[in-house]
*Asks:* 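Encoded as structure tokens, here's the structure I'll be asking about.
Owing to the predicted nature of the structure, the values given are computational and were not obtained by experimental measurement.
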Amino acid sequence: MMKQMRENTKIILWVVVVAFVITIFAVWGLDLQSGDSRHQQNLVGRVNGVAVTPQQYQTIYTQLSQQFRNQSGDLTAAQQEMIRDQAWQNIVSNILTNEQIKKLGITVTDAEVLNFLKNSPPPEVQQYFKDKNGNFDYAAYQAALNNPDADWTEVENLARQRIPMVKLNHYLMSQVHVSATEVRQRFAEQNTKMVARYVEFPLAAEDVSGYTPSDDEVKAYYDSHQDQFKDVAKATVEYVRIPVTPSQADHDELMQLAEGIRNDAEKSGDFASQVSTYSEAQTAKVGGETGLLGPTQRDPAVIAAADALKPGEISPPVVTADGIYLVQLIEKKKEKTETKYNMRELFLKLAASTTTQDTLMASARAVQESAAASGDLEAAAKAHGLETVTSPPFAEGFPVPGLGYYPAVSRFAFSSDAGAISSVINDEHNYLVCRLKERTPAQARPLDQVTEAIKQTLIHDRKVTLAMRKADGFVQMTTGTNASFDAAAAKMGYKIAKTDSFTVAQPPSGMMPNAPFALAALALTPDAVSRPVESGNSVYVIDVTGRHDPDQAAFNAGAGKVRDDLYRQKVQEYVGYWYDNVKDKSKIEDLRGTAY
């Protein structure tokens, strides 16, 4: 058992969650070292000078891929791309976190290793010590731990890498504190029940038809809100796309297969066994039987073929957009206004063969080689009877407009110089060759692109100002007390509305949790009328007419959970901030390009 455990431990991809946010993947034998890497070839990247080799990258990618396959089956090209990016992010997290562990002086003693193994055996180890009910057998584990003949070297190494992560976790969590005031406030927001009356001043009712923001107002707003208009770095690529589509030879080969299957089934009288062997439809699991289907539940050509059959007959091959069907009629049943069919179906999917894919790849490579030599992708494409398309600008890591989600295209576009030609990028749908036309840095969008949005903002602000002015006049008329709320509303011609019971966490109908309306109501003192409150698309003046505060016993019973929830939330926010700060100050070079 110990030998098996040691061997398995070497390949375990173990996960430590640091403060619920950062997932750190430490891979056995990854051996990420810093230093002079000028002579290392084909690096995947560098993180603060630490070289990442293809072998290291592939190790994590393979393990993540296997985990995904174990859970979800085969991977699509898009899923493989997603896992490649996750593998890279895991390596970056691993390196940055280990650097922070060293900076904080976090170390591991032999005593800590022993205590960790005695009291906190990793799940990877616990799995080898199960009782008959499948639970962790601590006694059996302790017996093995105390066995002088057992070699625990690999498990000790696991502990020595795990413990610093746990210590870092504890350190980060220790930086977060929740005060009694915060607990009391959050508890009140969740549990104080209120009923209120209010006067609403909808922004939509404000007439600003005579107001048009001037050029000076627009420019002044633009100059004072530069951060609001900051745009991320974007790239534009020119690309050639060669779709992966079946050839006529693929179609002919599939038709030949379908005809052969039909002939064999008619000779043997056993269509069901052919379905079991060849069908790619979901119904293959039940012998191909569809149950009674209406005329819209299959391709019209399939329904027409079934309608022409007698029970037991097998149709000729039926060509659809996706492939070829053979159907055997089991039953035809007339029901009211339509006929339904119970049939046994065999579906052969039409897909590009390996030969076709190789031919298309050869064409893509020819375009790529010609473009790389000349620098002119458009001319290379025309020489092969193809056209180029220029994408709209897109941000790093986002889908390419007109293409979709292609991380390899994004990596190429944001790691290359203008004019560079990519290698052939492919998935199950397309072969692509790209040329980087332009990459613009992060900057404020030009004024002419945001002028209309600024005008709408200024018009909205004018409406808020007018509504606030009316609401403030109403508040002054009430003299700030609820005793004159009705009289002021009647005198000024305003309608008073009422809420049902609400809390800040569950505000009046139509409002979001923690809406300013509900927060203002909670903060009101008895007999007071609120100041004007902008909430949603209206301004409100509020009078709380009923309020039930939870008693001390209820607070004592619920405060613990509130404190824990607040603590968890603040830890998540703090660790996210901490990691982003570490990452922003680091030099991260993603050199994968389109090759990985």
Side-chain angles (χ1 to χ4, degrees), residues 1-33 55-56 59-60 62-71 87 90-91 93-176 560 564 567-568 571 575:
M1 177 188 294
M2 292 305 300
K3 181 177 184 298
Q4 180 188 13
M5 187 165 67
R6 286 197 304 273
E7 291 303 311
N8 286 355
T9 301
K10 292 179 182 178
I11 62 170
I12 286 170
L13 182 70
W14 29 273
V15 182
V16 175
V17 179
V18 177
F20 320 109
V21 175
I22 301 174
T23 303
I24 305 223
F25 287 79
V27 180
W28 204 271
L30 193 57
D31 192 25
L32 294 165
Q33 301 293 330
Q55 294 77 15
Q56 294 159 346
T59 296
I60 293 186
T62 300
Q63 292 175 333
L64 287 175
S65 298
Q66 189 58 52
Q67 286 182 341
F68 193 101
R69 287 191 183 93
N70 291 342
Q71 296 175 357
N90 289 348
I91 290 176
S93 296
N94 185 303
I95 294 171
L96 295 182
T97 304
N98 281 325
E99 286 182 349
Q100 294 305 306
I101 286 171
K102 291 178 182 178
K103 287 182 179 180
L104 291 169
I106 295 174
T107 59
V108 182
T109 66
D110 291 344
E112 287 173 327
V113 172
L114 181 59
N115 182 65
F116 183 81
L117 293 179
K118 278 186 175 181
N119 301 309
S120 306
E124 299 91 340
V125 175
Q126 291 187 27
Q127 65 179 320
Y128 294 100
F129 300 93
K130 300 289 186 180
D131 60 21
K132 62 182 180 181
N133 296 319
N135 299 317
F136 175 54
D137 190 335
Y138 185 73
Y141 170 71
Q142 286 294 324
L145 193 63
N146 294 323
N147 182 356
D149 296 326
D151 181 3
W152 286 81
T153 303
E154 301 293 352
V155 181
E156 288 179 14
N157 290 337
L158 174 67
R160 289 186 185 278
Q161 296 187 48
R162 178 71 57 84
I163 292 170
M165 302 292 186
V166 174
K167 285 187 172 183
L168 177 61
N169 183 16
H170 290 165
Y171 167 78
L172 293 173
M173 294 174 71
S174 72
Q175 307 303 301
V176 176
D564 290 344
Y567 182 68
R568 187 177 298 109
V571 164
V575 176

*Asks:* Side chains of F136 and P121: does their closest heavy-atom pair fall under 4.5 Å?
*Replies:*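 Yes; the side chains approach each other to less than 4.5 Å.
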
*Asks:* Which heavy atom in P164 sits nearest to a heavy atom in I106, and how many Å separate them?
*Replies:*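 Reported closest heavy-atom pair: CA-CG2, 3.9 Å.
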
*Asks:* If you define the side chain from C-beta out and look only at heavy atoms, does anything of V108 sit under 4.5 Å from Q161?
*Replies:*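 With C-beta onward as the side chain, the pair stays apart.
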
*Asks:* Listing request: all side-chain hydrogen bond (donor to acceptor under 3.5 Å, both in side chains) pairs with a residue in residues 131-142, at least two apart in sequence or in separate chains.
*Replies:*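 Qualifying pairs: Y138-Q142.
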
*Asks:* Atom NZ of residue position K130 - does it have more than 12 heavy atoms of other residues, nucleotides or ligands inside 6.0 Å?
*Replies:*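 More than 12 within 6.0 Å, yes.
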
*Asks:* Who passes side chain to side chain donor-acceptor pair (under 3.5 Å) against D110, sequence neighbours left out?
*Replies:*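 Side chain to side chain donor-acceptor pair (under 3.5 Å) check on D110 returns R160.
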
*Asks:* If I compare all heavy atoms of D151 with all of T153, which pair ends up nearest, and what's the gap?
*Replies:*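 Looking at all heavy atoms of both residues, the closest pair is OD1-OG1, 2.6 Å.
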
*Asks:* Please round to the nearest 0.5 Å and tell me the distance separating atom OG of S174 and atom CG of N169.
*Replies:*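 It is 10.0 Å, given to the nearest 0.5 Å.
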
*Asks:* Look up atom OG1 in T97 and atom CG in N90, then write down how far apart they are to the nearest 0.5 Å.
*Replies:*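 Rounded to the nearest 0.5 Å, the OG1-CG separation comes to 10.5 Å.
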
*Asks:* Provide the closest heavy-atom pair for A159 versus F116 in the form atom of the first, atom of the second, distance.
*Replies:*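 Nearest pair, atom of A159 first, then F116: CB-CD2, 3.6 Å.
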
*Asks:* To the nearest 0.5 Å, tell me how far L114 CG sits from N119 CG.
*Replies:*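 One finds 8.5 Å between CG of L114 and CG of N119.
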
*Asks:* Return yes if some donor-acceptor pair links the side-chain N/O of N98 with the main-chain N/O of N94 below 3.5 Å, else return no.
*Replies:*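 Side chain of N98 to backbone of N94: a pair is present.
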
*Asks:* Please check if the side chain of Q175 supplies one atom and the backbone of Y171 the other of a donor-acceptor pair under 3.5 Å.
*Replies:*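 Yes; judged by distance alone, with no hydrogens or angles, the pair exists.
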
*Asks:* Under the side chain to side chain donor-acceptor pair (under 3.5 Å) test, which residues partner N146, sequence neighbours left out?
*Replies:*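 Here no residue qualifies.
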
*Asks:* For E99, what residues pass the salt bridge (charged side-chain N to carboxylate O under 4.0 Å, His left out) criterion, not counting sequence neighbours?
*Replies:*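 So E99 forms no salt bridge (charged side-chain N to carboxylate O under 4.0 Å, His left out) with any residue.
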
*Asks:* With rounding to the nearest 0.5 Å, note down the distance linking CZ in R69 to OG1 in T62.
*Replies:*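 Between R69 CZ and T62 OG1, I get 8.5 Å after rounding to 0.5 Å.
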
*Asks:* With sequence neighbours excluded, what pairs up with K102 under the salt bridge (charged side-chain N to carboxylate O under 4.0 Å, His left out) test?
*Replies:*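 K102 satisfies salt bridge (charged side-chain N to carboxylate O under 4.0 Å, His left out) with no other residue.
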
*Asks:* Which of these passes salt bridge (charged side-chain N to carboxylate O under 4.0 Å, His left out) with E112: K118, K167, R162?
*Replies:*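 For E112, the salt bridge (charged side-chain N to carboxylate O under 4.0 Å, His left out) test succeeds with only one of K118, K167, R162, which is K167.
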
*Asks:* Return the set of residues passing side chain to side chain donor-acceptor pair (under 3.5 Å) with Q126 (not counting sequence neighbours), or none when no residue passes.
*Replies:*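 Listed in chain order: nothing, the list is empty.
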
*Asks:* Say whether, by atom type as modelled, one donor and one acceptor occur between the side chain of Y567 and the main chain of M173 under 3.5 angstrom.
*Replies:*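 Indeed, once roles are kept as given, a pair shorter than 3.5 Å links the two residues.
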
*Asks:* Output the distance between atom CG (L168) and atom CG (L172), rounded to the nearest 0.5 Å.
*Replies:*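 Here the rounded value is 4.5 Å.
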
*Asks:* Once rounded to the nearest 0.5 Å, what's the spacing between atom CD of Q63 and atom CD of Q66?
*Replies:*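 Result: 10.0 Å between the selected atoms.
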
*Asks:* Could you tell me which non-hydrogen atom of F129 sits nearest to which non-hydrogen atom of A144, and how far apart they are?
*Replies:*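 Shortest heavy-atom contact: CE2-CB, 3.6 Å.
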
